[in-house]
Amino acid sequence: MVTIAAIIYEPGSTTKNKTGSWRTFRPIMDNKKCIKCENCYIFCPEGTIYEDENGDFKINYDYCKGCLICVNECPVNALTSIREEK
Amino acid sequence: MVTIAAIIYEPGSTTKNKTGSWRTFRPIMDNKKCIKCENCYIFCPEGTIYEDENGDFKINYDYCKGCLICVNECPVNALTSIREEK
Amino acid sequence: MEKTDIVTGTIAAAMAAKLSNVEVIAAYPITPQTHCVETLAKYVANGELDAEFVKVESEHSAMATCIGASATGVRTFTATASQGLALMHEMLYIASGMRLPIVMLNTNRALSAPINIWCDQQDSITERDTGWIQIYAEDNQETLDSVIQAFKIAEDEDVLLPVMVNIDGFILTHTVEPVVIPDEEKVREYLGVYEPKHAYLDPDKPITQGPVGVPECYMETRKDLNDAIEGSKEVIKRVNEEYYKLFNRKYGNGLVEGYNLENADTVLVSMGSVCGTIKYVINKLKEKGKNIGLLRIRTYRPFPKEDVVEMLKDANNVAVLDKNISLGFNMGALGIDVSSVLKNKKVCNYIVGLGGRDITPQNIEEIINHVEGAKDGETKWINLRE
Amino acid sequence: MEKTDIVTGTIAAAMAAKLSNVEVIAAYPITPQTHCVETLAKYVANGELDAEFVKVESEHSAMATCIGASATGVRTFTATASQGLALMHEMLYIASGMRLPIVMLNTNRALSAPINIWCDQQDSITERDTGWIQIYAEDNQETLDSVIQAFKIAEDEDVLLPVMVNIDGFILTHTVEPVVIPDEEKVREYLGVYEPKHAYLDPDKPITQGPVGVPECYMETRKDLNDAIEGSKEVIKRVNEEYYKLFNRKYGNGLVEGYNLENADTVLVSMGSVCGTIKYVINKLKEKGKNIGLLRIRTYRPFPKEDVVEMLKDANNVAVLDKNISLGFNMGALGIDVSSVLKNKKVCNYIVGLGGRDITPQNIEEIINHVEGAKDGETKWINLRE
Amino acid sequence: MIEVRFHGRGGQGAVTAAQILATAAFYDGKYSQGFPFFGVERRGAPVMAFTRIDDKKIILRSQIYNPDYVIVQDASLLGTVNVVEGLKKDGTVVINTTEENMNLGFKTYKIDATGIALDILGVPIVNTTMLGAFIGATNIVSIDSVKKALLNRFSGKLGEKNAKAAEVAYNTIKDEK
Amino acid sequence: MIEVRFHGRGGQGAVTAAQILATAAFYDGKYSQGFPFFGVERRGAPVMAFTRIDDKKIILRSQIYNPDYVIVQDASLLGTVNVVEGLKKDGTVVINTTEENMNLGFKTYKIDATGIALDILGVPIVNTTMLGAFIGATNIVSIDSVKKALLNRFSGKLGEKNAKAAEVAYNTIKDEK
Amino acid sequence: MMNKKQFPREEYFAPGHRGCAGCGASIVARMALKAIGRDTIVVNSTGCLEVFTTPYPETAWKVPWIHTAFECAGAVAGGIERAIKALKKRGKYKGRKLVVMPISGDGGTADIGFQSLSGALERGHDMVYIMYDNEAYMNTGVQRSSSTPLFASATTAPAGKISKGENNPKKDMAMIAAAHGIPYVATACISYPEDFMRKVKKASDIEGPAFIQVLQPCTVGWGYSTENTIKIGRLAVETGLFPLYEIENGDFKITYKPAKRKPLKEYIKMQKRYRHLTDEDIEILQKNIDEKCKLLGLE
Amino acid sequence: MMNKKQFPREEYFAPGHRGCAGCGASIVARMALKAIGRDTIVVNSTGCLEVFTTPYPETAWKVPWIHTAFECAGAVAGGIERAIKALKKRGKYKGRKLVVMPISGDGGTADIGFQSLSGALERGHDMVYIMYDNEAYMNTGVQRSSSTPLFASATTAPAGKISKGENNPKKDMAMIAAAHGIPYVATACISYPEDFMRKVKKASDIEGPAFIQVLQPCTVGWGYSTENTIKIGRLAVETGLFPLYEIENGDFKITYKPAKRKPLKEYIKMQKRYRHLTDEDIEILQKNIDEKCKLLGLE
Ligand SMILES: Cc1ncc(C[n+]2csc(CCOP(=O)(O)OP(=O)(O)O)c2C)c(N)n1
Ligand SMILES: Cc1ncc(C[n+]2csc(CCOP(=O)(O)OP(=O)(O)O)c2C)c(N)n1
Ligand code: SF4
Ligand code: SF4
Ligand code: SF4
Ligand code: SF4
Ligand code: SF4
Ligand code: SF4
Ligand SMILES: [Mg+2]
Ligand SMILES: [Mg+2]
């Protein structure tokens with residue numbers, strides 16, 4: 001059953017689609033090094049870096065596609081990358 | 001019988017249509033007064049003022065619609081107008 | 001207060017849009033539609049109608065603007081013709097696919113090339129697959145009534161489809177004749193306010209309209225649409241009855257109108273203003289003792305198959321008059337459609353009135369005479385010059 | 001030199017355009033057509049084809065550019081699909097009305113809304129009234145051959161009409177398969193140089209193209225057009241034969257192709273790539289002793305009425321498969337057309353493969369089984385999901 | 001059913017006249033249609049318009065080929081247009097002219113409408129004047145209804161002036177009759 | 001008729017692989033089709049492609065539901081895609097993995113195509129490598145034709161490298177068999 | 001003023017067309033063709049000019065002419081230009097420069113045909129695009145276009161109880177064309193034939209796209225009597241309302257500077273489309289002009 | 001750089017969408033929505049962003065969103081804006097400002113949707129139009145648009161034996177929009193989020209049409225590896241190739257001035273679309289930039 005005119009009534013429902021499986025490389029965050037410049041947060045095309053209750057940035061690997069922009073844009077190398085295990 | 005795609009193969013054939021009958025007023029040219037400024041010639045929307053073999057401007061009444069632009073634009077009042085006879 | 005006025009078809013349509021309290025109008029001028037939107041612009045300029053009038057830069061944008069407005073949940077109207085309708089083509093599919101109850105007046109006019117501003121119905125006929133409901137009015141009164149009904153039909157929750165009201169260019173658009181103008185309050189009460197449950201762009205309840213219809217869902221959305229327009233037949237009939245009760249006018253059963261069908265061996269089938277001339281001829285011939293029938297198709301889409309079959313069951317000579325031609329089929333579209341449902345019957349097709357060619361009572365008589373001696377499937381062009 | 005290559009349908013079409021020595025190409029990218037114009041752009045960028053490639057900003061302008069170029073007297077090609085074709089709608093009527101032999105590849109794709117990039121034939125079917133000749137190819141070889149033939153047909157002095165070669169999106173456009181590429185010299189010799197006698201913008205012989213078609217002439221120009229496209233049937237057949245003599249390939253009689261029709265009580269009618277699958281099923285069933293026929297419509301416009309009637313004269317169950325739906329008629333366009341000419345025969349209609357829905361051999365068998373027990377006029381949607 | 005054909009020039013209001021006549025008939029309690037014959041012409045070019053009047057609803061939609069009446073707003077049209085084409089044998093022509101000797105082969109009323117229009121309206125637009133003259137000649141609708149239609153169509157002073165022009169022409173013809 | 005299904009990710013060249021395989025079959029004197037299953041996916045997302053090979057002209061146009069062979073270019077797909085769906089009972093899978101213990105319930109060939117690709121091509125694009133492995137495992141077309149198809153498809157050095165990668169994978173599997 | 005034969009005598013635009021008496025659009029066409037000469041190919045959008053010059057079976061045009069639709073003069077012209085290139089490859093038109101001249105109204109240029117124009121400019125087609133600007137959709141009965149000036153009444157932007165007519169300022173097409181970075185842009189007015197014709201000629205000599213916006217008063221749409229067409233155009237320029245300039249490869253130059261700008265009121269008062277305006281309204285418009293003229297260095 | 005929470009934490013653009021890894025278009029959408037907030041209505045043209053965010057039955061959008069066709073974001077947005085006005089007459093959305101945000105690619109903006117945009121600007125609709133500029137038609141496979149820069153290779157303007165790729169300069173959309181005389185025009189780049197988001201916010205506060213052209217590198221179309229999206233955007237700005245400015249009511253202001261412009265070569269060398277260029281070719285492009293920067297007062 002499709003909705004009328006294929007209207008989607010559930011906002012943000014792409015979250016059903018775990019794009020984490022796309023990764024070839026995995027970014028790793030070292031919160032100790034992080035200076036909270038917010039670069040990784042704002043530049044992530046997936047919006048999959050979030051601030052947890054402690055004010056630390058975390059990566060939600062369910063969606064991270066492993067583009068490594070965050071790694072590239074971290075001014076203090078708090079982010080690094082490794083090859084994803086398959 | 002129409003031509004293919006209603007193409008018109010005879011350039012300038014609107015001359016078949018004598019728009020002189022549209023006139024309510026008739027411009028009259030006094031070549032003696034005329035200083036050949038070419039105003040009437042160039043401004044006539046019908047292109048119905050022409051230069052004869054003597055270099056005089058003449059009005060072809062077959063097409064003159066009587067707009068009186070020529071009369072209005074003649075700097076020396078060599079053109080005047082009268083009500084058209086019907 | 002209801003009153004009678006003597007107005008053109010375009011102005012009757014503008015009055016109907018005003019009575020229907022449209023909220024957004026987006027339209028682009030084109031002959032022979034212009035007086036409709038000019039009249040609406042005047043209403044707005046004089047404060048007589050509190051609508052947003054969007055002076056778009058093309059018909060493509062007119063339909064796009066209507067789509068945007070309708071998808072936000074307001075009552076929307078536009079008007080066009082010919083090249084304008086053709087320029088909307090892509091957007092017509094989108095309006096119906098998005099299930100937006102936009103109402104449009106189309107003033108039937110021939111299509112270029114060569115350019116021709118006069119009447120035929122090629123423009124709307126060629127949009128017959130788009131999922132728009134198409135009503136063809138016979139006169140100015142029906143024009144006004146149909147625009148009002150169009151909103152009622154379009155916005156019906158079982159329909160939710162755009163509706164195109166078609167009237168013959170010049171023949172109706174530029175002809176004044178008496179038209180009863182219903183009471184404004186009464187119309188507004190009848191229609192109510194448009195408050196859609198399915199499509200509205202509202203930050204308080206964010207929805208996504210017009211997404212990618214992947215192969216897993218696309219065909220089902222088309223089936224939905226197909227069922228909605230099929231189902232609209234019942235709604236159109238119902239609205240025709242309701243309207244009759246409230247405003248005292250009805251048009252056949254809403255889908256088709258039969259005229260003198262009883263015992264008519266020869267029946268003409270057509271749409272729009274030419275049906276008046278046909279009735280005129282039928283009346284004349286009746287005086288002479290000849291019985292001819294007319295089946296007027298009022299809604300061409302949804303196509304009233306069942307009614308066509310039923311109402312023509314006793315006819316032996318069916319003459320379909322088309323103000324359009326499906327090039328490469330050597331027939332008009334109505335002729336094809338009618339032939340396809342009248343399987344065991346002689347159906348002939350007459351191409352009439354293209355690009356403003358007048359259709360005279362003599363032409364109608366010629367058709368009647370011809371069909372009686374013709375073979376099934378014949379197509380004849382009427383009133384051609386050598 | 002003739003050679004065989006393994007290419008997609010879009011590339012086969014691009015190769016054909018190159019073989020045909022097109023002089024002006026104006027096109028806008030759209031899936032699933034893009035590889036065709038990309039390939040042509042590459043030919044030009046590498047100096048392999050000395051054509052003008054106009055990178056227009058929309059399909060509307062693509063067709064307008066082709067019209068301008070063709071009216072100046074050069075060979076012109078474009079390619080599009082779906083929304084792009086829809087956006088050209090107004091200009092399609094103008095191209096045919098101006099009698100310009102433009103050739104276009106249309107890669108069949110569904111129409112929005114919702115947006116869908118996959119195959120059905122709604123886009124071209126809905127342009128069936130426009131006066132364009134429409135060829136539907138079954139495979140990539142036929143795509144290449146049809147584009148070449150299209151120029152020959154379009155430019156024939158008895159035709160002078162634009163031609164649209166349709167191929168199924170993805171199913172052909174994105175599938176590689178072996179294709180014989182004819183010798184370039186031979187093709188160019190066959191086609192010759194396009195030097196129109198009727199339409200050319202030349203200061204040395206000034207003509208006026210696209211004037212105001214007043215009511216005194218408009219209907220006659222439409223009749224002319226109607227006769228030209230009707231008459232093109234003979235030309236298409238002739239070209240099919242000529243081509244066979246030169247290049248050793250032919251497609252039925254050019255208009256239709258019959259497959260296993262003899263003694264087939266049940267016949268399927270369809271267009272495009274699905275005919276391959278149908279033949280596949282026919283072959284399978286034949287092995288099982290069941291005799292089913294196929295009538296493949298190759299040129300949908302001009303519609304080969306006479307052939308349809310003649311070739312189906314012995315069939316009792318006719319199943320028309322439509323990859324489109326005429327909304328509000330509850331039938332596909334081919335179904336309507338075929339029904340309208342097969343008056344005393346059971347014709348059922350099957351809506352298949354909309355928006356990329358796959359059509360499997362099982363679906364074909366389901367149709368065959370259904371039609372044998374069905375009533376005339378039934379419509380059934382195949383492979384719908386719940 | 002009465003059928004009337006108007007001949008004029010673009011910009012002279014022939015179409016308006018046909019509509020006003022239809023409106024006046026409607027005010028008289030009749031059914032009517034008023035409509036133009038459209039061409040691509042601009043101001044100054046010959047145009048036509050039509051009116052039908054009947055006691056019952058008018059359903060006929062073709063153009064008018066055999067009018068009962070012809071109104072010629074501009075005598076110069078005679079040079080290019082056959083204004084009496086198809087006119088019924090016992091038909092009537094009303095023409096704007098100062099010419100005395102004019103034989104169109106039909107019953108003809110002449111009036112210097114341009115004179116009256118220039119007098120009353122100040123411009124040579126003769127459609128309403130000719131309408132008055134036509135009513136004077138034929139009485140197919142009441143002059144009061146024509147005036148009412150004019151007052152509704154043109155606002156304020158303009159309406160009054162046009163009504164006046166129609167009335168003057170009406171009386172002129174009536175007197176001559 | 002042989003039917004092959006490729007599973008990969010957008011950007012990994014599954015479609016190209018299907019086409020190359022079809023081309024190789026064609027060079028072997030067979031008929032073939034190579035085509036994608038298209039979705040709206042971008043780089044990284046799961047994609048499929050198909051090849052049909054036969055001794056006679058292929059007219060069937062539906063997608064492939066019951067392949068004889070499945071090629072899995074990226075083992076991580078196993079998490080989201082049922083790569084063996086519809087695979088014929090006696091079908092074969094060729095998969096790019098370093099995992100030793102993997103049971104897909106079908107005859108399966110494993111290869112570290114990523115390793116080979118990184119080695120020879122310098123990028124983890126495994127489509128051509130997997131093609132070589134597939135031929136090694138199945139022999140449904142000749143490796144020479146595959147190499148020829150690759151050299152025609154990719155110009156210069158790139159063609160050579162890809163042909164090399166295919167060959168290495170081909171031999172690897174052959175040796176293992 | 002008295003140098004003999006300042007204007008060419010060849011006529012490429014025939015009389016007998018159906019334009020209104022006093023129509024400025026005919027003047028545009030006639031002058032433009034005189035300026036370029038016989039090797040012109042005209043592409044005409046739908047509009048007054050197209051309609052009144054080509055009622056089948058007659059044409060006023062003595063040069064090759066084509067009309068397709070309202071909205072695509074730019075693209076059609078582009079196709080012709082490329083076709084000429086292709087024909088030259090075949091050996092045709094050796095050594096001749098054929099000038100492609102799209103000519104469209106303000107509606108066909110600034111509104112419905114704007115994209116087609118913009119695309120053609122961007123692609124660099126060699127053409128002389130003429131926008132004949134009568135500031136409304138005249139052919140269909142004086143509806144507003146985006147070139148209709150502020151406060152002018154038009155049938156779709158009528159003056160009324162709560163409306164002063166058009167409520168948006170005139171779209172500045174010449175400047176928008178200039179922002180496309182094309183080699184030549186100019187404004188012109190039929191009341192200044194030398195200026196206009198010189199610009200057309202120059203545009204036709206320049207390689208690449210040229211755009212000329214020429215103001216053309218319309219007796220019907222603006223509401224004035226026929227003899228004043230030229231006079232009103234002159235007032236538009238003399239008041240500074242419509243400055244005459246050209247922009248050649250980015251260099252802006254005023255080509256006619258009124259000795260002293262006339263008050264706008266003189267212009268306004270001659271036209272019915274403005275008759276609803278109060279003195280205060282006119283003051284607003286006057287201020288707008290004064291500001292714009294300051295920017296352009298006009299007084 | 002270290003002020004806490006410089007960027008809002010609300011997300012209106014969900015993950016799980018199908019954009020390529022490293023896609024700059026997602027970054028545009030995410031930032032723009034953060035800047036305006038929840039009362040935004042998005043109108044999306046056909047293009048990458050639309051396609052990868054809304055595969056039925058899923059959507060990445062948490063604000064109301066509509067897509068109709070490729071070429072009409074401007075007009076659809078205009079209809080929405082007027083509908084909101086109409087709804088406000090009914091009493092809805094009292095005291096709230098709803099922001100209509102059309103968002104289109106460079107193709108949807110500068111080419112096929114250009115007229116729809118221009119019409120909307122001319123009519124003065126209150127909207128924030130965002131052109132996400134990845135300099136080609138990415139969704140359909142990297143065909144050239146009029147926003148494709150000179151000498152870049154694209155699939156319909158490929159580098160080849162007799163071609164250096166695209167042969168027309170990049171269409172200057174921001175300047176063309178500015179020539180429409182609208183209240184706000186700006187350029188931006190995703191690599192400068194503060195600048196971009198400030199501009200979006202400002203545009204949403206301003207009454208009337210605002211136009212923002214935001215450069216957005218595309219990993220597939222430009223040919224670079226995914227992690228460099230931001231880096232390349234930064235280089236575009238630092239080289240002066242893509243200057244960041246705003247034009248408010250006609251006043252032009254550079255909003256970011258690189259300390260010293262970097263050589264274009266750095267930028268070019270990172271991208272496959274330029275790999276066919278010789279040093280001389282790059283020199284030509286460098287000269288073009290130098291000239292343009294001089295005009296704009298950069299360096
Ligand atoms: C697609 C389309 N829409 C509308 C029209 C109707 N139409 C024809 S000409 C015209 C106005 C032309 O205005 P402009 O370009 O300013 O030229 P003008 O008539 O003023 O000379 C219009 C609206 C049309 N022909 N085609
Ligand atoms: C009328 C029409 N023509 C063509 C297309 C095909 N098409 C869809 S998106 C697209 C390119 C979009 O380019 P752009 O606007 O730059 O956005 P991007 O994909 O780069 O994000 C094209 C050509 C279409 N959908 N509709
Ligand atoms: S690698 Fe890319 S997708 Fe993953 S968290 Fe970093 S920026 Fe986001
Ligand atoms: S970019 Fe690095 S320093 Fe900045 S917030 Fe992210 S992890 Fe911390
Ligand atoms: S009156 Fe008008 S038409 Fe007649 S000659 Fe003078 S300018 Fe020409
Ligand atoms: S305008 Fe007067 S002076 Fe000038 S050429 Fe004409 S008649 Fe002579
Ligand atoms: S309406 Fe205006 S532009 Fe059109 S023909 Fe008449 S005067 Fe000329
Ligand atoms: S092609 Fe470019 S713009 Fe499109 S999704 Fe991929 S990275 Fe983003
Ligand atoms: Mg205009
Ligand atoms: Mg883009």
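This structure is a prediction, so every number in the text was calculated from the model and none was measured. By convention in this document, chain letters (A, B, ...) are assigned in the order of the sequence lines, proteins followed by strands, and residues within each chain are numbered from 1.
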Proximity of residues 47-54 of chain C to chain G, residues having a non-hydrogen atom under 4.5 angstrom: C:Gly47, C:Phe53
Distance in Å, [X] [atom1] paired with [Y] [atom2], rounded so as to fall on 0.5 Å steps:
{"X": "C:Ser58", "Y": "G:Gln115", "atom1": "OG", "atom2": "CD", "result": "9.0 Å"}
{"X": "G:Asn168", "Y": "C:Lys55", "atom1": "CG", "atom2": "NZ", "result": "5.0 Å"}
{"X": "C:Thr34", "Y": "G:Tyr137", "atom1": "OG1", "atom2": "OH", "result": "12.5 Å"}
{"X": "C:Glu57", "Y": "G:Glu71", "atom1": "CD", "atom2": "CD", "result": "11.0 Å"}

Under 4.5 Å from a heavy atom of chain C, the part of [X] involved:
{"X": "G:Phe70", "answer": "side chain"}
{"X": "G:Ser146", "answer": "neither"}
{"X": "G:Thr46", "answer": "side chain"}

Donor-acceptor under 3.5 Å (C:Asn46 side chain, G:Lys161 main chain): yes
Under the salt bridge (charged side-chain N to carboxylate O under 4.0 Å, His left out) test, residues paired with C:Asp322 that sit two or more places apart: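 Result, salt bridge (charged side-chain N to carboxylate O under 4.0 Å, His left out) vs C:Asp322: none returned.
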Verdict with supporting geometry, C:Leu87 and G:Ile112, side-chain contact (heavy atoms from CB on, under 4.5 Å): CA-CA 10 Å; C:Leu87 192 54; G:Ile112 201 166; 3.8 Å; yes
Student check: side-chain heavy atoms of C:Ile115 and G:Glu50 closer than 4.5 Å: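 A side-chain contact under 4.5 Å exists here.
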Min side-chain heavy-atom separation G:Asp111-C:Tyr28 under 4.5 Å: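 Result yes, sub-4.5 Å side-chain heavy-atom pair found.
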Within 6.0 angstrom of C:Lys42 NZ, more than 12 heavy atoms from elsewhere: no
Within 6.0 angstrom of G:Arg275 CZ, more than 12 heavy atoms from elsewhere: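 No, CZ of G:Arg275 has 12 or fewer neighbouring heavy atoms, counting only those of other groups under 6.0 Å.
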Which atom of C:Thr31 lies closest to which atom of G:Thr140, heavy atoms considered: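 Closest heavy-atom pair between C:Thr31 and G:Thr140: OG1-CG2, 3.5 Å.
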Within residues 17-29 of chain C or reaching into it, pairs that qualify as salt bridge (Lys or Arg N to Asp or Glu O under 4.0 Å) - sequence neighbours excluded: C:Lys18-C:Glu184, C:Glu23-H:Arg90
Closest-packed option against chain G by number of heavy-atom pairs under 4.5 Å, given C:Ala27, C:Ala45, C:Ala41: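 The residue among C:Ala27, C:Ala45, C:Ala41 with the greatest pair count is C:Ala45.
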G:Phe211: ring pair (Phe, Tyr, Trp, His ring centres under 6.0 Å) partners, not counting sequence neighbours: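 Scan of G:Phe211 (ring pair (Phe, Tyr, Trp, His ring centres under 6.0 Å), adjacent residues dropped) gives G:Tyr129.
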Chain C interface, residue from G:Thr155, G:Thr68, G:Asn139 that has the most non-hydrogen pairs under 4.5 Å: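 Between G:Thr155, G:Thr68, G:Asn139, the count favours G:Thr155.
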